[in-house]
Asker: 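Below you will find the structure I want to go over with you.
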Amino acid sequence: MAQTKFDKQVEEEAEAFALGIGRFLSGRPLRGKRTTDATFFHAGRRVLPDVEERRVPRSAYRAGWQRLAFRFAGLGATGGIGYWALWEHQEETFALARDLQADPDPALAVLQTGGIGAGCAVTAGGIAYGLLTRRRREFMREWVRPLHEALAVPLGISELTDPRRYLHVPRDFADDDAEIRIDVPTHMRFNEDLVTDLIRKKLALENVSFTWQRAGKNTHVVVKKRKTPPKMLRLTDPGVREALGKMPESAPLIGFGAGDTKVSVDLDADSPHVLISAGTGGGKSTILRAICCQFIHNGAHAYVLDFKRISHTWARGVPGVTYCRDIAEIHDALIRLAQEGRDRIRLAEQLADDVLEREPWRVGPRLVILLEEVNATMAQLKRYWAKIRETGDPKTSPAVDALAEILFMGRQVRLHVLLVAQSATARAIGGPEMRENFSTRILVRYTLNAWRMLVPEVSPIPMPSDHNGRVQVVTRGRAQETQVLNLSNEEARAWAMSGVHSKGTTGPSLHKPPAPAAPAGDFADAWSTTAPELPPAPASEPPASNRDLAAEAWGLTPSPTAAAPVDDVPDAAAATSPAPPAPADDDQTLGLREAYDNHLSETVASLDALRRARHDDPEFPAPVGKRGTAFLYRVGDLKKWARNRPRANTTDLD
């Protein structure tokens with residue numbers, strides 16, 4: 001009797017069921033086909049070449065005995081739960097069944113409540129698992145899987161292979177003592193040089209060694225860092241103080257790289273400005289402290305624009321430092337510094353090119369501007385200008401325009417900006433064209449998005465390090481891992497005061513009227529300070545034979561006929577003809593800040609009160625002129641207004 005189609009189907013199903021039971025009990029894959037090189041005793045490491053499946057399950061990599069153990073454990077757990085439910089609690093089970101038949105509503109309510117609770121528990125567990133494994137998934141997506149895609153073809157393994165089975169890359173592989181291990185096929189029919197080059201490029205590794213294990217069946221390669229920066233760099237470490245003292249005046253020491261190589265940025269040759277991008281706690285103030293104290297030590301004047309007010313307490317009272325804390329001081333300082341840059345450009349135009357290149361000090365001392373937390377400071381500058389802006393004034397803050405102007409000035413004017421930002425977006429800095437003025441960028445604890453935004457030309461992207469003080473200094477299209485010099489507040493203050501300014505040199509003041517401009521071609525008093533001596537003479541400063549000329553050019557030699565103190569950002573040159581007689585106090589025309597500091601501080605409560613009165617008091621005197629974007633007022637008119645202003649209910653002024 002011939003078999004029917006149904007009988008054949010029954011036989012096939014019975015045979016498949018029997019085979020399934022056999023595979024289940026033997027620890028083999030239930031689908032019957034092997035997809036990995038796993039055996040009963042050894043776990044698999046790669047997918048077999050002839051596998052065409054889109055995805056290989058993780059269980060396929062386990063050894064047969066592991067699969068068998070999991071299956072028997074599952075059977076045991078299922079049987080135990082069934083026995084506990086049916087035999088140990090059979091009376092309760094039968095009673096629940098009778099109640100369900102009699103009145104199903106309470107039982108359904110219990111089941112509904114239990115189902116909702118179980119669903120909430122599963123959802124909460126899934127969310128927690130997703131949050132806990134987020135960093136691991138990002139690491140796999142950004143680093144491990146791209147490395148697997150690059151190595152699969154050269155190593156001759158399937159691209160379906162799980163990268164974690166043969167790529168043992170720790171999440172902290174950028175640390176100094178991290179070790180990377182990559183298992184390779186035993187046939188060794190691949191180009192080792194190509195594999196090492198791909199590993200170095202995909203993981204952005206420098207100064208690493210490759211140790212190959214070729215013998216036997218456990219073939220692999222171990223990757224370690226060969227030369228690393230120091231774990232900590234302090235002034236008391238051997239050779240650090242000597243290295244600090246030998247650095248050129250224009251190239252302060254940032255730190256040490258691999259192999260104790262000195263890392264610095266030359267503001268005259270490489271980049272006139274430096275951008276530091278780091279999140280909170282990344283060590284931004286430490287970097288600025290190390291760089292700025294060296295400039296002050298060598299005779300530069302520093303302007304610390306610190307809206308947070310406490311970022312650089314070491315610089316308070318240091319000769320050669322002007323510390324601007326509130327937003328009004330920062331606003332005025334930026335405007336004055338931009339004017340100083342314009343004056344220096346005019347002076348540089350009058351100098352011959354070879355003279356300016358040989359004697360850059362002729363345009364004036366080096367000015368270093370520390371702009372802290374630019375994201376918050378720029379917003380405050382815009383808000384401050386919107387508050388004090390008068391009818392007819394431009395909508396854009398003149399301080400923001402001044403910063404842009406300073407950034408576009410060349411290195412010849414010797415104005416340098418050290419800018420700090422948590423997120424150095426084009427919007428925060430003032431535009432993408434302003435960000436391009438920072439040829440040197442220091443990145444600390446950066447994200448991949450921050451790296452792609454700031455230094456897209458540097459690829460591959462190095463893994464950020466959590467090591468304190470470890471940064472990436474990017475200049476000329478190359479990133480160099482660096483351990484930053486960590487100076488304490490006391491050490492930075494002592495180093496800054498042990499240089500040129502230790503003998504009395506002070507920074508220019510921002511509260512005095514500017515000196516008169518000099519005729520073209522005469523630079524006898526191009527710059528004047530209260531310092532009695534000249535800074536030392538590194539390569540970019542005047543040689544010893546020209547010290548007398550430099551002292552005369554900067555106005556540093558005391559003279560009984562010396563002119564009155566100049567403004568903190570003076571004009572490019574002082575007049576050589578006899579100065580006209582100074583106007584009487586009441587006839588002077590000054591800005592509000594200068595007038596308050598010199599004439600009104602005893603009669604008006606504060607500078608802010610004076611500025612509010614300019615907007616609110618109709619009897620406030622009208623301006624008589626402008627200097628740049630700042631209005632000028634006659635001192636006599638301001639004094640008269642201060643004497644005669646109404647005092648009843650004027651809490652802003654009294």
Side-chain angles (χ1 to χ4, degrees), residues 135-136 138-140 142-148 150-151 154-155 163-164 166-184 191-214 218-234 237-240 243 253-264 278 282-283 286-287 441-448 450-451 455 458-486:
R135 290 190 62 187
R136 180 178 62 83
E138 291 179 352
F139 178 73
M140 291 290 298
E142 297 291 344
W143 298 99
V144 179
R145 190 160 293 281
L147 178 62
H148 161 66
L151 293 178
L155 291 178
R164 290 171 292 186
Y166 75 102
L167 298 178
H168 309 289
V169 184
R171 278 211 297 261
D172 56 351
F173 71 87
D175 290 351
D176 297 342
D177 54 353
E179 179 178 301
I180 303 170
R181 171 177 165 148
I182 299 176
D183 298 329
V184 298
N191 189 330
E192 293 184 2
D193 293 336
L194 175 60
V195 171
T196 56
D197 187 56
L198 290 174
I199 295 172
R200 186 183 293 110
K201 289 181 178 178
K202 297 305 292 183
L203 297 182
L205 300 174
E206 292 185 357
N207 297 316
V208 292
S209 62
F210 293 86
T211 304
W212 289 89
Q213 172 62 35
R214 302 178 178 87
N218 189 20
T219 53
H220 61 271
V221 58
V222 176
V223 186
K224 283 186 175 182
K225 283 190 175 182
R226 183 171 49 207
K227 295 180 180 180
T228 61
K231 293 186 178 296
M232 182 63 69
L233 189 63
R234 300 185 181 276
D237 293 342
V240 174
L253 179 69
I254 299 176
F256 283 3
D260 289 338
T261 57
K262 290 183 288 187
V263 180
S264 64
T286 301
I287 301 171
R441 304 176 183 187
I442 303 176
L443 288 85
V444 191
R445 294 184 182 178
Y446 48 87
T447 62
L448 297 181
W451 186 278
V455 283
V458 180
S459 181
I461 304 174
M463 179 72 173
S465 176
D466 292 334
H467 188 82
N468 290 333
R470 192 62 55 85
V471 305
Q472 292 286 345
V473 180
V474 183
T475 183
R476 295 183 179 180
R478 179 176 177 269
Q480 189 168 7
E481 188 179 24
T482 305
Q483 183 67 30
V484 173
L485 175 62
N486 186 7

Asker: Indicate every side-chain donor-acceptor pair of residues 255-262 with a distance under 3.5 Å to a residue at least two apart or in another chain.
Answerer:
from   : atom 1 : to     : atom 2 : distance (Å)
Thr261 : OG1    : Ala258 : O      : 3.2

Asker: Between the main-chain N or O of Val458 and the side-chain N or O of Trp451, is there a donor-acceptor pair closer than 3.5 Å?
Answerer: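 Side chain of Trp451 to backbone of Val458, a donor-acceptor pair under 3.5 Å: yes, one is there.
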
Asker: State the CZ-CD distance between Arg171 and Glu138, to the nearest 0.5 angstrom.
Answerer: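 Here the interatomic distance stands at 10.0 Å.
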
Asker: Is it true that a side-chain atom of Gln483 and a backbone atom of Asn468 form a donor plus acceptor pair closer than 3.5 Å?
Answerer: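 Side chain of Gln483 to backbone of Asn468: a pair is present.
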
Asker: Going through the distances and angles, do Tyr166 and His220 end up as a side chain to side chain donor-acceptor pair (under 3.5 Å)?
Answerer: CA-CA 9 Å; Tyr166 75 102; His220 61 271; over 6 Å; no

Asker: List in chain and number order the residues that pass side-chain contact (heavy atoms from CB on, under 4.5 Å) with Asp172, two or more places apart in sequence or in another chain; answer none if no residue qualifies.
Answerer: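 side-chain contact (heavy atoms from CB on, under 4.5 Å) list for Asp172, sorted by chain: Pro170, Asp175.
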
Asker: What residues, two or more places apart in sequence or in another chain, satisfy salt bridge (charged side-chain N to carboxylate O under 4.0 Å, His left out) together with Arg164?
Answerer: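 Salt bridge (charged side-chain N to carboxylate O under 4.0 Å, His left out) check on Arg164 returns Asp162.
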
Asker: Rounded to the nearest 0.5 Å, what separation is found between the CG atom of Asp193 and the CG atom of Leu198?
Answerer: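 Atom-to-atom, Asp193:CG and Leu198:CG are 11.0 Å apart.
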
Asker: Which residue is it: Arg470, Lys227, Lys224, His467? I am looking for the one with a side chain to side chain donor-acceptor pair (under 3.5 Å) to Asp176.
Answerer: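 So the option named by the test is Arg470.
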
Asker: Using side chain to side chain donor-acceptor pair (under 3.5 Å) as the criterion, list what pairs up with Arg214, not counting sequence neighbours.
Answerer: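 Arg214: side chain to side chain donor-acceptor pair (under 3.5 Å) contacts with Glu192.
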
Asker: Could you pull out all residues at least two apart from Gln213 that satisfy side chain to side chain donor-acceptor pair (under 3.5 Å)?
Answerer: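 Counting only residues at least two positions away or on another chain, Gln213 forms no side chain to side chain donor-acceptor pair (under 3.5 Å).
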
Asker: For Asn486, give me all partners under side chain to side chain donor-acceptor pair (under 3.5 Å), at least two apart in sequence or on another chain.
Answerer: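 Testing Asn486 for side chain to side chain donor-acceptor pair (under 3.5 Å), a comparison that skips the adjacent residues, returns none.
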
Asker: Can any side-chain N or O of Thr482 pair as donor or acceptor with the backbone N or O of Val471 at less than 3.5 Å?
Answerer: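 No; judged by distance alone, with no hydrogens or angles, the pair does not exist.
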
Asker: Does atom CZ (Arg145) have a neighbourhood of more than 12 heavy atoms from anything else shown, all under 6.0 Å?
Answerer: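 No, not enclosed.
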
